[in-house]
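Because the structure is a prediction, the values reported are computed rather than measured. Throughout, a chain's letter reflects where its sequence line sits, starting with A, and its residues are numbered from 1.
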Amino acid sequence: MSAPILAVAGLRKHFPIRKGLLLREVGQVKAVDGVSFAVQPGETLGLVGESGCGKSTLGRTLVRLYEPTAGTIRYRGEDFLALSGERLRTMRRSLQMIFQDPFASLDPRMTIARILAEPFKVHDICSPRECLERAAALLETVGLKAAHLNRYPHEFSGGQRQRISIARAIALNPDLVVADEPVSALDVSIQAQILNLMKDLQQEFTLTYIFISHDLSVIDHFCDRIAVMYLGKIIEMAPREELFGNPRHPYTQALINAIPKVGQGKRRMTQALTGEVPSPINPPSGCHFHPRCPKRFEGCDSGFPSLREERRDHFVACRLYSDAVEDEVILRSTGT
Amino acid sequence: MSTRALIALALLALIAGVLAYVRPQLMRPGELPTNAELKIGITQEFENLNPIVMSMVATTYIYRMVGRSLIQLDEDSQWLPQLATQIPTLENGLARRVSDGEREWIEAEWTIHPQARWGDGEPLTCRDFRFSWEVGLSPNVGVPNIEIYRQIRDIHIDPDDPKHCTFEYREALWNFNRHHLLYPLPEHLERPVFELHAEQPEGYEQNSNYTRDPTNPGLYSGPYRIVNLGLGSHIILERNPHFFGEEAHIERIVIMLIPNTGTLEANLRAGSIDMVSQLGMSFDQSLAFANRVQAQELPFRVNFQPGLTYEHLDLNLDNPFLADIRTRRALVYAIDRQGLVDALFGGLQPAAFHNLAPTDPWYTEDPARIVIYRHSRRKANRLLDEAGWVWRDDGYRYNADGERLRLRLMTTAGNKVRELVQIYLQDQWRGIGVDVRIHNDPARVFFGQTMRRREYGGIAMYAWSSSPENNPRSMVSSESIPGENNGWSGQNYPGWSNARVDELVDELDRSFDEKERLDLVHEILWHYTSEVPVIPLYYRSETSVTPINLTGYRIPGHQISAANHVERWRLMDAEELTRYRSDAQ
Amino acid sequence: MTAYILRRLLQTAVVILLLSYFCYLLMTLMPGDPVDEMIMANPEITSADIDRLRALHGLDQPVWVRYWNWASSIASGDLGYSRTYRVPVTDILGPRLLNTFVLAGAALLVAVIVAIPLGVWAALRKNSTADYVINLFAFAGISVPSFWIAIVLILVFAVYIPIFPAGGTGSIAFDMTPWESFVDRLKYLVLPVLSLSFLSIGTYVRYTRAAMLESMGNDYIRTARAKGLGWPRIYLMHGFRNALIPLITVTALSFSTLFSGAIITETVFAYQGVGQLVFESIQSNDFNVAMVAFMISVSMVLLMNLIADLLYGVADPRISYA
Amino acid sequence: MSESAAVPKVHQQAQYEAQSMASILLEQFLEHRMAVIGFSVIAIFLAIALLAPVISAVSGLDPDRQNVFNRYQPPGSHLDLSTHERELRVQTFLRQSDRSELVRFLADRELLEFAVDDEDLLYELVTQHASIHLAGMLLELQSEAPDSARSDLHALRNLVAEFRSFHLLGTDELGRDVLIRLVYGTRVSVTVGLLVAFVSGLIGLLVGSLAGYYGGRTDAILMRFTDALLSLPILVVLIVVSAIDLGKVFGGTPLAFIVESRHESVIKMILILCLFSWMQAARLVRGSILSIKEQEFVLAARVLGAKDRTIIGAHIIPNVIAPLLVAVTLGIGNAILFEAALSFLGLGIQPPTPSWGNMLNNAQEMVQHAPTLAILPGLLILFTVISFNYIGDGLRDAIDPKSIRR
Amino acid sequence: MPESPPQEAVVKVENLQTTFHTRIGPVRAVDGVSYAIGKGETLGIVGESGCGKSVTAFSLMRLIEPPGEVTGGAVWLGQENILEASETRMRELRGSRMAIIFQEPMTAFNPVLTIGYQMDEQISRHLGVSRQESRERAIDMLSLVGIPSPRERYANYPHQLSGGMRQRAMIAMALSCDPEFLIADEPTTALDVTIQGQILELIQSLQERLSMAVQFITHDLGVISEISDRVLVMYAGRTCEVAPTEILMSAPRHPYTSALIRSIPKFGQRVSRLPAIEGSVPSLYELPSGCAFQNRCPNAGQRCRDSHPPLTEMASGHQVACFHPVDR
């Protein structure tokens, strides 16, 4: 088992809710609430969940766009959260992010040349002239033409912009890229192009991806290992075939069941999950999922079940499989 | 009406564009005002009419209609008794010089008019004067000018006749009897208030009947009394049935405060006021209005009367440039005062040679007694040449040190006439190479700070208004130069110091001989005009607009306003007016 | 809701307190003081007199002492004494306040009545000639100097076509019936109200138009059309109802502008209102009057802000004041 | 594996021409008809303002030259110069070079027998006669003049020819030409407007960026302060503040030169207006920063490791500038209006410096006697402000991100 | 269950053309689309963004606003060509005989009016019933779409409901006047996958109960294949292919349809690389002459560049607009 490139333990990100004259904290949005996992070099970890489950917050916390409330992030064994200043800036080079909205993620007032040269400028890597050359090379790497360099983002289609975003993310030769719903804003015919591009880049630059999406089909296609999130917590995590072939958690089962499947013809949608995702400000007691769970039983409403390795590399947090309730146990790193 | 208004609004832009070429339509006020009511417009704020604390000019104007003082000045600048029956003088024996060997003072016998009564019928006696004197000396009452009361050491009321009393003065001054500013207060109404609040600062003013119950008829002793008072808005007067003098002709007088001169004029033309008092239009406006009255035969008369107000320039003698008398004289010579008054005032405000007004009995224009500077740019230039100021190509003069002859000219901001004159002067002095910079302060800053502390650096323009036969001590005596030593008192703002003049002002106070006083004054004037600490400009004229049928009206040209004779005002009817006009022709 | 109002009132009170000190400081930073008024009126006043009067009025004390005295007397309900008019401030302020409310209220009403239909019309006929004309009118409204429009109004309606009085608050007469005096007051109000509302009309037309355009571009308008609703219902209940939300704020917040405008309007028309009084009292150093009027206006503005927020909540159910 | 094989080629999108941001904005701005008209008006006014000295030189009109005997003349008047002004000119004429031959010649012609000395000859000559006659007289003398005096005589005749001036818009309360004063007034008013808007935009940018970027307590304090200032009735505050004497504020400091300058009141006006007109801009900047700060492109820059300074400079400021520019443009109009209002009340620009506002100051009471004096400056203010407002409107439309995306 | 062409069409669209008059010139957003939907049938319309599927829906409701305009064709609702109907008549039809559900339930509801009010105005407008009756009906509809405690929800504002509930309310409102024709314009795109399932189930069950004709618009091939009887594929404003769902999904004939189906990741069918369609959808401003798909099409020939391929019937109910259809 090789050393994980990224190991996260007990990560929490709570957003305070402030109110009143003195802006006192009256509550917290527990967007990420005790998440632990590890990523092996070169693999693609999928994070899947419905809106509001905290997957994007988790992604942003991983690259320290948000400072976590608690927990640790170790990058190649080094405590990423302890870094600051110049060391942090240097470390950032190997940890990049791709954003969801191809329209918002490019500064509308910059040319593509400036956008792509920015990573080099920020780290003072090369002369302006060389920056431009590198930017042109990047553009070609992601399948655009160097001639596009002096255009503005608004002159490109969504797919092209997402290519530019990807180009910017890989500019500094990162090891790990967090991709936050990189294809969900794109047309179906463009999705495939981008997914293929990302795959190609992964091979070419031996990238590790953390791929965040709400679309199980995309996740299924793209990821090696998948973590399912619900209200700030990982409730199931397993390699792809294992998870989809043998989902254990009732929520995962319901999710898989809800996916509309192409080519199966008209069918009656049944067994759809009832109810909706509760608010992360006041999550249900016990297992957050229990109010919607078709298999709930007595006891599900007290103590959140801990994430346990139910089978090899298959972790589930559900009382159906173990009575263990979560405490501050930090999970050992897992790997293939 | 609203339809008309709407249509008019739609045409607004069009009308505005062509206005310049449209001859304004004549607007005739409906009918001539009658003796039933006269509406007077003023632009200056007035306060409540407590005579002892009033300090605004508009208030004194109005007060003259509702209250009387001990003596008065008539339109010909003659001192006459008003509430008194007679003015005591040394000559008529009612006053005498008294001495206890150490000090000398005067005692004078005053008798109040036997018919004099307050508006509620209560007799007006020496007690009321004694009471007002008491109040005036109270440390908790904000009397503007305490000297009026302080000069009297005591008032002894005849125990048998409260209408008769003796004033005991502190000093023996020749002008002891000038009590035109000594007003009675109705003791029967005001004493209780005063006694209740005497210990509290401003307690009397705040609780006086003049403040709390201004329409109480017992507060007023003049031909009119107040029936309605809207501070900052209007005041309505009606004939006082208890007035002891001749009965007023006009039944009701409404005084409306319209602070904006343009609006004032529009109101006059629209007929919502009949008359504009002296405290109304600006001079420029009056001039233009007079032309219009003539051209369009409007039923108004525009009155101009040169007054005691003397506009002048103070030269700061601490300024190194102005310390040189040649520079000062050059500045006088360079100004065409006659040209100034002709051009800006249509010649209706007379040019001044010195500080005394033409209506003052002490006035002189005799070239043998004063120095007269007739406009001559050449003389001015020569003087500056002599003083070492040489022309440079930029059109200004420079001294040997390369300093430009630059002076700051200050006046009260917002006074349009002064600002006009200022610009005129700036232009005139540019002609002799003097660079004059204009810098104006708001009036309160100008008088409260700039002048009082003599911070004006170069030249300051403002006016003095003094009663006739007034000792100019506070303007010319070296003791009156404001400074630390005298607590910034006095109005010798130029900082002029002349030992002989100091002697002369002292002598003037002590001289009881009219002829001798005249000589003393003229000697002061000679020094004053010769050394030019001050450049006289012109005497301000008071202007007013009256309805064409108003008779008995005259602007006196001194500080006791036309309203003093309000009971003589009369509005002729149309027939009488025609007769009057044909008589005049 | 109550808690919210209380909290806001508390905040407002703090702001008013701080602003009052700031204003007091500003006032005293102005050179000169009330006694200087007397000096101007009376050249024969002596320096001793001046010092005596200054001490009498407490003007020789340091600023914060004077502020403290002033503030504590205000707190005890005594608004002070006007040195210009020599009466209690309440006596002079009361009627003026009423006049200004009448003026500002009428102007606001006129502005709203004129501007909102125009704005809605312009929005519904976007890019039509009517839209251009209304826009031009609105731009003229926000661009014209208010004193100038006042002068032009006087020139046109009081001088050339003399149908309205040139200035003043009302005729001074005894023998008017209540109806006559009402009409009389109305006549005096027309020109000031016109000139004061001109600016507001411009502002409101622009905001109404923008809000209406924005509202009409929303998806729910399409829903309303898809439901088969008639145009009046779509415009009013769906379009305008939503445009109202920003408008309420703008209207309430324009109070400050209206007050500033009132100073000019009242000065030009010699209208006896607070605006003119503030100007006069600042000019003549009548601190008590100026401060009280000033504080009233600031409080009004802050109060209007609060009311705007509350109305916002009424108009928009999405806002809650928990 | 090779890139070309792995990465699908994207078709060249021929439909987009490479276009700079500025040209896109320009194109969109040009679509706003009123904004273009407004811009042209402003351009003309600016040109007039810049060329004021040239206009003055060409027309021979001077904003400060008085003609006090010809006050309040209606538009289209032909007037003679004031005596004083003529004297001044002769004085200059005499100082230019030795004119003794000319003076002697004129004296010989017994035109000026009463004069005291030679120099006064000319003063008397030019002040005693109407300039039309004078020019005729001098023309007649031309043939008789000796060679030595001929050129001087010619020069004198040219000088005299200028004594008659034409006043297209009439004269004001001191007989000054209204047109040229309006031209110079444009200078002052527009300068005040531009400077105030620019400086308060800068202040607003500073305060707003501090508040918006750092947030928290800095934000709370700065914004409460801004809100408090906004709740003040601005005109009242301006009235109070304009009474404060700069001389006392700057006395003894290096800024004292301001007080000494000819344009003290202009500078004071600018300072005062700047102090109280940055709040809207600050709020605007703060608002846009708050939204831009959360935009993904800023997050992306942070992930790249960009420093705060870089992010502010490269991403936030450029994106804030555009809306700020709109606010500044609209602010120009407001500043001009405030300047005019204060000058109208006599608290702003002090005479003799002409500004549109102070030209109106005197005009109100004379509105019935000289309506042009009241109408013209007001119209200019209206046109200028409305133009700036339309330009602002056009800019706002142009920079609207919705329209940039097409 | 094999689908047969509808015997009696509730709605029939013939050669619909919708044009937008833009600055650059007129743009055909919908160009000659024809189809018919029978009672109880669901027609799925699928395509990428900008292909004109929503514009088709709005054209049918005559909700296109300037600068857009329906420039040709006919839409028969029963015996009536509604493109020629007066606006007054349209107002009667909209919301009563034909209704639409929008993509984003948050913005489609007026935020400042209660759900109940917004339903009432439609019910009382079309059914002319009393306040009380319309209220009862609205509450009935709310409970019909599975909203718990409908009486309370009736008085709620839209923001007080969750996304799924809002969409249910939207459906309740659309169906409140018993429409015979329902357009669902991407009704589940904004929803989470579990909620999407619920909504799809609801639409299905309601359609069965009310036997409406449903036009279901989406870009999601998974959704479309699960809900619709027939599918119409649009590309750049034109129809590429119409076929019964199962046939289309299993044996698409148009190269675009075929590539599109292959390019999406399908759950449980793993491939190492997705066969992507190269390039991107051409802008409507600069459509090439001939087939709009020519630049991305592997089969394209000269003929494709010269002229539009007509929609031809390949098999019963299977029409394809292609000169070089994919062989199966």
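Taking both residues in full, the closest heavy atoms of A:I259 and E:E226 are given as O-OE2, 3.7 Å, listed atom of the first, atom of the second, then distance. Shown here for A:Q193 and E:G279, the closest heavy-atom pair between the two residues is NE2-O, 2.6 Å. Contact detail for A:E50 and E:D192: the closest heavy-atom pair is OE2-CB, 3.1 Å. The shortest non-hydrogen separation linking A:V218 to E:P265 is CG2-CG, 3.9 Å. In plain terms, the two heavy atoms of E:L274 and A:L195 that are nearest each other are CD1-CD1, 3.9 Å. In plain terms, the two heavy atoms of A:D187 and E:S49 that are nearest each other are OD2-OG, 2.6 Å.
Considering only heavy atoms from C-beta on, E:E48 comes within 4.5 Å of A:V188 through its side chain.
Chain A forms the most heavy-atom pairs under 4.5 Å with one residue out of E:G44, E:P148, E:S272, E:P275, and that residue is E:S272. When each of A:S189, A:A192, A:G245 is scored by its heavy-atom pairs under 4.5 Å with chain E, the top score falls to A:S189. The candidate with the highest count of non-hydrogen atom pairs below 4.5 Å against chain E, out of A:R292, A:H221, A:R240, is A:H221.
In this structure, the portions of A:I190 lying under 4.5 Å from any heavy atom of chain E include both its backbone and its side chain. The contact between E:L260 and chain A is made entirely by side chain atoms (from C-beta outward), counting heavy-atom distances below 4.5 Å.
Once rounded to the nearest 0.5 Å, the distance linking NE2 of A:H214 with CG of E:L191 reads 10.5 Å. In this structure, the separation between CG on E:D220 and OG on A:S217 is 8.0 Å, given to the nearest 0.5 Å. A distance of 11.5 Å separates CG of A:D220 from NZ of E:K266, quoted to the nearest 0.5 Å.
Checked against salt bridge (charged side-chain N to carboxylate O under 4.0 Å, His left out), E:R238 has the following partners two or more places apart in sequence or in another chain: E:D31.
Here salt bridge (Lys or Arg N to Asp or Glu O under 4.0 Å) pairs that include residues 242-254 of chain A, with residues two or more places apart or in two chains, are A:E242-A:R311, A:R248-A:E310.
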